[in-house]
Chemist: 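To start, I am sharing the structure in question, which I have written as structure tokens.
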Amino acid sequence: MNQFESRLLVEGVRASESVSPDQATYATQSNEKIFDVLLFERAKAQDQNLQISSLFEHFNKLTKNLSRLLALLLFILGGLAVQGLLFSEQLTSINFFWAFTLFFIPNLFMLLVWLFLFVKPELLQNSSLTKFTLMMIKQFEQRCNKNTTQRHDYWPLFTCYFNIHFAKKLGRYQLSILTHLLWLSYFMGATLMSVMMLATHQVDFVWQTSILSTDTFQSLTQLLAYVPQQLGFPVPSIEQIQHSHIGNEAVIDAESRRLAWSSLLISSLLLYGLLPRLILLLVMYSQCKQAKVAFQLDLSLPYYVQLRQLLKPNRTILGVSDTDDVDFRCHPEGVFVHKQRQDVTLPSHFYALAIELSTQQLAFAITHLQQNNADPMRLLNVCDYQAQQALLTELKHNKYHDVAIYIALNRLPDRGLKRFMSELTVLKDKHFHLCLIIDKALNKQRDSDWYRLANDVGISFDNILHIEIKGANNE
């Protein structure tokens with residue numbers, strides 16, 4: 001199982017468990033393993049019961065078979081288009097430019113549509129095409145795989161698989177592959193049928209115009225024939241182009257003219273239709289492989305934030321001690337003792353700062369500093385713009401490589417805070433730790449918001465520490 005398949009399996013487990021991870025099934029905690037490794041180990045253990053990987057393999061075969069079926073239909077359609085439009089029994093001559101327009105104008109238009117959607121992949125999200133595709137596949141599966149679709153997690157897992165493969169960054173490459181594959185099949189069918197029909201039928205190629213000049217059509221023909229001629233394909237000469245004007249067909253040299261125009265038609269299908277789609281297909285296939293390698297899990301989602309507490313706890317609990325141990329120097333309501341159940345610890349030497357903490361929250365941060373043998377007198381509570389600039393200046397010149405940022409979890413991570421923390425994390429030779437003080441009940445989404453902000457400003461999730469106040473009603 002490669003890296004992408006492992007991450008896909010993790011996402012499948014998330015889809016199967018829905019909102020919250022199953023606390024009864026998770027890998028053994030290990031300080032030596034990173035969170036990603038623990039995620040994969042848990043997903044593999046879950047897969048033995050849920051059989052998610054086998055279902056994903058079924059989805060993979062299903063989408064490939066549907067793509068092949070569509071490609072076959074377009075191959076047949078391309079052949080039928082050539083036979084029906086250009087080689088009907090009543091025709092003994094073919095308007096070359098009309099034939100060229102019928103094949104290449106729709107192709108050019110759809111190529112521009114594809115390019116527009118490729119540079120704006122967000123337009124593909126929640127589109128009617130996606131919903132229609134899901135509905136069609138659902139109908140197909142319910143008729144052909146009734147037993148499989150009876151699984152309670154079948155459609156959540158299929159939606160998960162579809163959204164990963166056909167949405168976001170990876171989706172635009174997968175859809176591009178399908179688009180170019182279908183057009184490639186269409187031109188393969190058209191080219192093959194053209195060769196067969198021209199080998200068994202005798203037709204003359206002509207051109208005509210009512211509003212354009214003769215010189216214009218001759219120039220267009222020469223321009224179209226330039227690339228095929230450079231590659232060695234026979235193309236019409238100036239005299240043959242002139243003699244092919246409708247009403248001016250010369251009887252002499254008719255066979256060589258038919259050969260030259262037939263060669264131009266087939267080479268045009270190959271060079272201007274089939275070859276560009278083949279090149280784009282190979283490029284998109286290569287980009288898709290790279291996108292799969294670069295595919296990352298969004299570990300800031302509430303599900304993964306909760307799961308981190310199970311697999312690699314990063315939570316410290318501060319609680320009120322017995323009255324015999326009370327020391328009121330740190331907090332007027334009693335000293336707070338430190339209880340750990342964490343894998344994340346602060347380094348032995350670090351610089352501490354707080355961002356807009358209340359008096360009570362600042363006391364909690366000071367207590368935590370004392371428990372880590374740090375000097376609480378150095379703790380600076382940054383509350384305004386001047387303090388921010390002074391702090392940035394100091395951090396640029398002090399000797400500390402590790403910086404701990406204390407901040408209240410209940411605060412909303414807005415754009416101003418994100419901008420300030422971005423200015424901090426761009427400082428050279430500094431490693432930042434985010435200490436979130438939890439002193440009131442919050443929903444799980446707020447945790448996710450802070451993890452997303454940490455990811456945006458470049459703070460590793462492994463450097464996030466939750467400081468939970470004993471007695472606070474936290475979810």
Chemist: Does W114 have any side chain to side chain donor-acceptor pair (under 3.5 Å) partners at least two apart in sequence or in another chain, and if so, which?
Modeler: S176
Chemist: By side chain to side chain donor-acceptor pair (under 3.5 Å), which residues pair with D298, not counting sequence neighbours?
Modeler: S300, R452
Chemist: Within a reach of under 6.0 Å around CH2 of W155, are more than 12 heavy atoms found that belong to other residues, nucleotides or ligands?
Modeler: yes
Chemist: Any salt bridge (charged side-chain N to carboxylate O under 4.0 Å, His left out) pairs touching residues 50-71, not counting sequence neighbours?
Modeler: none
Chemist: Would you give me the side-chain donor-acceptor pairs under 3.5 Å for residues 221-238, sequence neighbours excluded?
Modeler:
| residue | atom | partner | partner atom | Å |
| --- | --- | --- | --- | --- |
| T221 | OG1 | F217 | O | 2.8 |
| S237 | OG | E239 | OE1 | 3.4 |
| S237 | OG | Q240 | N | 3.4 |

Chemist: So, the side chain of W261 versus the backbone of F96: is there a donor-acceptor pair under 3.5 Å, distance only?
Modeler: no
Chemist: Charged N to carboxylate O under 4.0 angstrom, R14 versus E11?
Modeler: yes
Chemist: Cation over ring, R172 on F118, under 6.0 Å and within 45°?
Modeler: yes
Chemist: With sequence neighbours left out, write down each residue that passes salt bridge (Lys or Arg N to Asp or Glu O under 4.0 Å) with D456, or none if nothing qualifies.
Modeler: K418
Chemist: Just how far is it from atom CG of L436 to atom CG of D447, taken to the nearest 0.5 Å?
Modeler: 7.5 Å
Chemist: Got a sec, which residues hit side chain to side chain contact (heavy atoms under 4.5 Å, CB included) with L282, two or more places apart in sequence or on another chain?
Modeler: L278
Chemist: Indicate yes or no: at least one non-hydrogen side-chain atom of R411 is less than 4.5 angstrom from one of L417.
Modeler: yes
Chemist: Step through the shown structure and confirm whether more than 12 heavy atoms of other residues, nucleotides or ligands are within 6.0 Å of NZ on K44.
Modeler: no
Chemist: Please identify each residue that fulfils side chain to side chain contact (heavy atoms under 4.5 Å, CB included) with P347, with sequence neighbours left out.
Modeler: F350, D402, H433
Chemist: Taking the side chain as C-beta and beyond, is there a heavy-atom pair between L346 and C435 under 4.5 Å?
Modeler: yes
Chemist: Look at atom OH of Y285 and say whether more than 12 heavy atoms of other residues, nucleotides or ligands are closer to it than 6.0 Å.
Modeler: no
Chemist: How would you list, by chain and number, every residue that makes a side chain to side chain donor-acceptor pair (under 3.5 Å) with Y406, sequence neighbours excluded?
Modeler: H368
Chemist: Report the relative orientation of the aromatic rings in Y186 and W183; use parallel for angles under 30°, tilted for 30 to 60°, perpendicular for over 60°.
Modeler: perpendicular
Chemist: Looking only at the side chains, is there a donor atom on one of D47 and Q51 sitting less than 3.5 Å from an acceptor on the other?
Modeler: no
Chemist: Taking atom CE of M421 as the centre, does the number of heavy atoms from other residues, nucleotides or ligands within less than 6.0 Å exceed 12?
Modeler: yes
Chemist: Measure the shortest side-chain to side-chain distance between Y304 and V10 over non-hydrogen atoms and say whether it is less than 4.5 angstrom.
Modeler: yes
Chemist: Please check this pair: side chain of N314 against backbone of L465, looking for a donor-acceptor N/O pair closer than 3.5 Å.
Modeler: no
Chemist: Could you list the residues that satisfy salt bridge (Lys or Arg N to Asp or Glu O under 4.0 Å) with D153, not counting sequence neighbours?
Modeler: R151
Chemist: Counting only N and O atoms by type, is there a donor-acceptor contact under 3.5 Å from the side chain of T63 to the main-chain atoms of N60?
Modeler: yes
Chemist: Say you draw a straight line from CD of Q290 to CG of L170; how long is it, rounded to the nearest 0.5 Å?
Modeler: 12.0 Å
Chemist: Please list, chain by chain and in numerical order, all residues satisfying ring-ring contact (aromatic ring centres under 6.0 Å, His included) with Y161, sequence neighbours excluded.
Modeler: F56, F59, H165
Chemist: Quick one: list whatever passes side chain to side chain donor-acceptor pair (under 3.5 Å) with Y303, sequence neighbours left out.
Modeler: E17, R42
Chemist: Quick check for you: to the nearest 0.5 Å, what is the distance between L117 atom CG and L175 atom CG?
Modeler: 9.0 Å
Chemist: Short question: side chain of S185, backbone of L181 - any donor-acceptor pair under 3.5 Å?
Modeler: yes
Chemist: Using modelled atom types and a 3.5 Å cut-off, is there a donor and acceptor pairing between side-chain atoms of K430 and backbone atoms of T425?
Modeler: no
Chemist: Between I459 and F461, is any pair of side-chain heavy atoms under 4.5 Å apart?
Modeler: no
Chemist: Quick one: list whatever passes salt bridge (Lys or Arg N to Asp or Glu O under 4.0 Å) with R277, sequence neighbours left out.
Modeler: none
Chemist: Could you tell me how the ring of F100 sits relative to the ring of Y272: parallel (under 30°), tilted (30 to 60°) or perpendicular (over 60°)?
Modeler: perpendicular
